[in-house]
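This is a predicted model, so every value here is computed, not measured.
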Amino acid sequence: MIRAPLPASVGGHWTGLVCETDGPARPGLRVEVTGGRRLLLRQGDRVVLLGVQRAMHRGVYYARTGRYRSPLPPISAAEARRVRETSVDDDAWSARWTHQFTDLLQAVGDGPMYAGRWTLAWGMPSWSVAAHWHRLPAVDPDQGHITWFGYGDPVEDQRDILPLRRLSPHGAARVRSYRRQVREGVLPPALLWWVSGLDILLVLDGHDRIAAALAEHTVPAVVVLAPAPGPTWAAGADRHIVREYEGRLQALQPAANHGDELAKANIANITRRFAGQLNDVARSEGRTRAWPLPGGRAAWQQQAAQLAPDWTIGPAG
């Protein structure tokens, strides 16, 4: 695997990695699709999630099966403390966990990475909504709906994250252990995975760490794994941002050259925004590859009947 850091943020902080991997051709954890906008998430020989996209791209109905297992090994409290204590600052701590997740994902057999270019970005993407974190435990049914654009759907259907198993109660033993790590400032980040067919971030590893952070009334640190966008799209997005910045700079520069302090402040603001927009492009989520479901729609229907017999799919529109 070839890896390189993503461009640093405006303040020079760590933002993540971009990686090029040469395999596998088909990952152990993957999306499979069939007719009727139906999909499922398969981990080895287990189906862990079923989904049906709505016809007008308004959202997706989903059903968790309770069979998901994190592909990564557990992180001990001693390891969490060691990484924090031996990191010179927060950026070094963030970088070490990003590299560690990259190493582990490369080594496991039932993870989602396949041959191609990937990003492992630090923190939530700019399009996410911070308020969605704290309502997550209350709006996370095993069978539900995720709206993509609203259109009159219930507000609780607007989500950024979908756990692949139910979050543990705040009083569960593992959650209590992680809550102590939150208070000590050593809790490792959670690992999220972008799946474009669901238009959401799935929790790949760290369900109980998320539960612990929310129980302590804070937001967990995260690393977001995503297929990198295509180079043509990225280059086009960069050109648009550069043209917009140059136009605004050209309008403000004459006044700034004559000592206008407001113009100077505006130039500083749009320059920071320009850098942030370029960073957003560098870490943007691309399309997640999917594989044909063996047996097609009939096989999907059989899995749904076996694994989610009481699942009621809502309106198709």
Side-chain angles (χ1 to χ4, degrees), residues 3-19 89-95 97-99 101 117-136 147-150 155 158-161 189-196 199-201 213 218-288:
R3 67 182 76 173
L6 288 168
S9 71
V10 176
H13 298 295
W14 173 261
T15 59
L17 291 170
V18 59
C19 306
D89 56 22
D90 286 344
D91 283 326
W93 181 79
S94 304
W97 280 118
T98 309
H99 278 284
F101 282 150
R117 191 173 174 85
W118 293 79
T119 59
L120 285 98
W122 184 262
M124 292 291 286
S126 60
W127 50 260
S128 63
V129 179
H132 290 174
W133 271 115
H134 291 288
R135 73 182 191 197
L136 179 61
T147 185
W148 292 342
F149 303 109
V155 66
Q158 299 177 17
R159 306 174 61 179
D160 304 324
I161 294 167
L191 179 61
L192 310 180
W193 171 36
W194 168 254
V195 174
S196 58
D199 199 40
I200 203 164
L201 297 165
T218 188
V219 173
V222 300
V223 175
V224 175
L225 171 70
T232 301
W233 178 89
D238 281 344
R239 284 195 299 271
H240 174 77
I241 293 168
V242 169
R243 284 197 299 267
E244 184 182 68
Y245 172 71
E246 289 176 340
R248 293 180 177 179
L249 189 63
Q250 186 176 14
L252 290 167
Q253 196 65 61
N257 290 342
H258 286 86
D260 187 318
E261 295 301 322
L262 180 59
K264 292 180 181 179
N266 284 336
I267 288 175
N269 287 335
I270 66 169
T271 300
R272 283 192 294 269
R273 181 185 176 192
F274 171 64
Q277 289 175 319
L278 292 178
N279 282 336
D280 285 344
V281 171
R283 65 162 290 169
S284 291
E285 303 84 16
R287 293 182 180 179
T288 309

I want to check something: taking the side chain as every heavy atom from C-beta on, are [X] and [Y] in contact at a cut-off of under 4.5 Å?
X	Y	result
Ile161	Ile200	no
Val224	Leu191	no
Leu17	Leu6	no
Val219	Trp133	yes
Leu278	Phe274	yes
Val18	Arg117	yes
Leu249	Ile267	yes
Met124	Val222	yes

Could you check whether any side-chain N or O of [X] sits under 3.5 Å from a backbone N or O of [Y], counting only pairs where one atom can act as donor and the other as acceptor?
X	Y	answer
Ser94	Trp14	no
Asp160	Val129	yes
Thr288	Ser196	yes
Thr15	Pro7	yes

For this session: Would you indicate whether His240, at its atom NE2, is surrounded by more than 12 heavy atoms from other residues, nucleotides or ligands within a distance under 6.0 Å?
Result: no
Exercise. In this structure, are over 12 heavy atoms from other groups packed under 6.0 Å from Arg135 atom CZ?
Worked result: yes
Could you give the distance from [atom1] ([X]) to [atom2] ([Y]), rounded to the nearest 0.5 Å?
X	Y	atom1	atom2	result
Lys264	Gln253	NZ	CD	10.0 Å
Arg159	Asp199	CZ	CG	13.0 Å
Arg273	Asn266	CZ	CG	12.0 Å

Problem set entry | Nearest non-hydrogen partners of Ser284 and Trp233, listed with the distance | OG-CH2, 3.5 Å
Problem set entry | Step-by-step ring pair (Phe, Tyr, Trp, His ring centres under 6.0 Å) determination, Trp127 to Trp194 | CA-CA 13 Å; Trp127 50 260; Trp194 168 254; 5.8 Å; yes
Problem set entry | Worked verdict on Arg243 versus Glu246 for salt bridge (charged side-chain N to carboxylate O under 4.0 Å, His left out) | CA-CA 5 Å; Arg243 284 197 299 267; Glu246 289 176 340; over 6 Å; no
For this session: Can you label the angle between the Trp93 ring and the Trp97 ring as parallel, tilted or perpendicular, going by 30° and 60°?
Result: perpendicular
For this session: Could you tell me whether the side chains of Ser9 and Asn279 share a donor-acceptor contact shorter than 3.5 Å?
Result: no
